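Everything below concerns the one structure shown next.
Note that these values count all heavy atoms, side chains included, but never hydrogens, waters or copies made by symmetry. Start at 1 and go down the list; that is how both ligands and their atoms are numbered. Every value quoted in this text rests on a predicted model; they were computed, and no experiment measured them.
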Amino acid sequence: MAEQQTNGNWQERYRNALLGVFGNPQLCLDHGQGCVVVDNDGKEYLDLLGGIAVNALGYAHPAWVEAVSHQSETLAHVSNFFTTGPQLDLAEKLLALAKAPKGSAVFLSNSGTEANEAAIKICLARKNGRIIALNHAFHGRSLGALSLTHKIAYRQPFGPSAVDVTFIAPEDPDALASELDRGDVSGVFMEPIQGEAGVVPLSDEYLQQVRELTACHDVLMVVDEVQCGMGRTGRWFAHQSAHITPDVMTMAKALGGGFPIGATMAFGSDVSGILAAGQHGTTFGGNPLACAAALAVISTIESDDLLTHVRQIGTLMSTALRQSHPRITEVRGTGALLGVQFDSDIAADLVAAARHAGFIVNAVNPSTLRLAPPYILTKAEAESFIAALPRLIDAVQA
Ligand SMILES: *Cc1c(COP(=O)(O)O)cnc(C)c1O
């Protein structure tokens, strides 16, 4: 009976019970396996969005299921009066993956926006000044991170910014230099690949220039790798392509493979020592269940050499997509984070057409499709989408 009702009127039940901030959901999903999710009518979809860059191992991956099940049978949550083996293992592992120098340290939380809140506090506790962020940046929805999020529609209803932020154009080192010259900047935030902006990568050269300028002016450089980190580009962290060491890095999305977790990494003892005992905290952050999920994601990426796979599948997809239809003007990004740019605003219609054809993709803006598939996406699965896309494009333009 209950199941019958879910099938029948989930849209109405949703509207009557859930806050409308996400609009109407596209589907009511029931279960998943690998890169395929199934809705409650039994229709299957190849998921090329992966829960918005979260489900690195797809759905119901055996290693993830085993880790979460096992951990939930022993310890799920303990409070931060205590530590646990999974928490210690995860912090040490993340520092190693980031090649963080001695004295670096991690703060564990539950989401991307929280990871950025901790990063903002690190900057402001060191020097109470302005934060510089980039045009079209997205750093989250809580009030601090929201201050650093560029889109006015997201910020306007909520009054003056919690943080004094100046937005500058990306790829313009002179614009950054002139802000830093004023002497009142405490931190510079950027996504090495701007995800919500439409998958717009920053050049290695610009990241290097930012590193140099911030170091010269004694200002912290914060890289927000919430979307582009944790192996998504075929490197553990996207900024590593520029061979720089930031002062702070934030991560979340793929970190827990579907279990909520965020992390803020402070590089070096000068930065990791800024927040003293009592200056920041979280109840849930760093609980052993979330840490076990993250450790399962990391060890599977390592044991299955998914970084290599992500690089290969990303190259295959971006090359093929570029040639697949004349209305595709550009394919941006690398690995499992791609933005497919069209010559006009057909992305929303394409999402609907793709869904009917059994593919989940995202219109990150009116003219760009975002693909952020699980790292385990097979070549055959990628090719099935590439083969279907030209017909979908023709259908929406007709
Ligand atoms: C998704 C995202 C966030 C916010 O993460 P939440 O978990 O939704 O709070 C922050 N920064 C970037 C770059 C993101 O893509």
Side-chain angles (χ1 to χ4, degrees), residues 19 21-23 49-56 107-123 131-151 154-155 158 162-163 165 167 170 187-202 207 210 221-233 235-239 246 248-265 282 284-287 290 293-294 297 332-339 362-365 368-373:
L19 213 61
V21 294
F22 299 107
L49 184 59
I52 316 186
V54 167
N55 300 325
F107 174 78
L108 295 168
S109 56
N110 313 284
S111 64
T113 205
E114 282 173 88
N116 284 328
E117 293 295 327
I120 294 167
K121 278 196 175 176
I122 289 171
C123 294
I131 302 274
I132 304 294
L134 299 183
N135 291 345
H136 310 296
F138 182 89
H139 295 294
R141 302 287 200 150
S142 55
L143 286 173
L146 181 65
S147 309
L148 276 60
T149 289
H150 186 247
K151 202 183 242 186
Y154 289 173
R155 285 186 281 125
F158 308 108
V163 181
V165 179
F167 293 99
V188 179
F189 275 65
M190 56 192 54
E191 305 152 78
I193 299 177
Q194 295 191 301
E196 302 302 305
V199 188
V200 182
L202 299 179
L207 289 171
V210 173
M221 176 180 185
V222 183
V223 291
D224 178 344
E225 297 237 10
V226 167
Q227 186 159 166
C228 60
M230 289 315 298
R232 185 153 296 280
T233 62
R235 296 176 189 273
W236 281 107
F237 300 105
H239 74 268
V248 181
M249 169 167 67
T250 60
M251 58 207 110
K253 290 195 167 83
L255 175 56
F259 200 96
I261 180 168
T264 308
M265 186 175 292
T282 165
F284 294 120
N287 71 68
V297 171
R332 296 183 295 267
T334 22
L337 183 57
L338 300 176
N362 164 250
V364 69
N365 66 42
T368 312
L369 281 189
R370 170 173 49 180
L371 308 180

Residue and atom name of the nearest protein heavy atom (relative to atom 11 (N) of ligand 1), distance in Å to one decimal:
Asp224 OD2, 2.8 Å

Per-atom contact, atom 8 (O) of ligand 1, protein heavy atoms, under 4.0 angstrom:
no

Return yes when atom CZ of Phe167 has more than 12 non-hydrogen atoms of other residues, nucleotides or ligands closer than 6.0 Å, and no otherwise.
yes

Measure across Ala119 and Thr264 and return the closest heavy-atom pair with its distance rounded to 0.1 Å.
N-CG2, 3.9 Å

Numbered in order shown, the ligand 1 atoms found under 4.0 Å of a heavy atom of Asn116 are 10 (C), 11 (N)

Determine whether Phe189 and Ile120 make a side-chain contact, defined as any pair of heavy atoms from C-beta on separated by less than 4.5 Å.
yes

Does any N or O of ligand 1 fall below 3.5 Å from an N or O anywhere on Glu191, backbone included?
no

Residues Glu114 and Thr282: closest non-hydrogen pair is OE1-OG1, 4.4 Å

Nearest protein heavy atom to atom 5 (O) of ligand 1, by residue and atom, and its distance?
Gly112 CA, 3.2 Å

Reported CZ-to-CZ distance for the pair Arg141 and Phe158, which is rounded to 0.5 angstrom:
8.0 Å

Testing Val223, Leu134, Val188 one by one against Val210 for a side-chain contact (heavy atoms from CB on, under 4.5 Å), which residue passes?
Val188

Look at atom 1 (C) of ligand 1 and find which of Lys253, Arg141, Gln227, Glu225 reaches it with the closest heavy atom.
Lys253

Using a 4.0 Å heavy-atom cut-off, say whether Ala252 meets ligand 1 through its side chain, its backbone, both or neither.
neither

Taking it one step at a time, do Ile193 and Gln227 satisfy side-chain contact (heavy atoms from CB on, under 4.5 Å)?
CA-CA 8 Å; Ile193 299 177; Gln227 186 159 166; over 6 Å; no

Taking both backbone and side-chain atoms of Glu196, is any N or O found less than 3.5 Å from an N or O belonging to ligand 1?
no

With a 4.0 Å heavy-atom cut-off (strictly under), which part of Thr113 contacts ligand 1: side chain, backbone, both or neither?
both

Is it the side chain, the backbone, both or neither of Thr250 that has a heavy atom closer than 4.0 Å to ligand 1?
neither

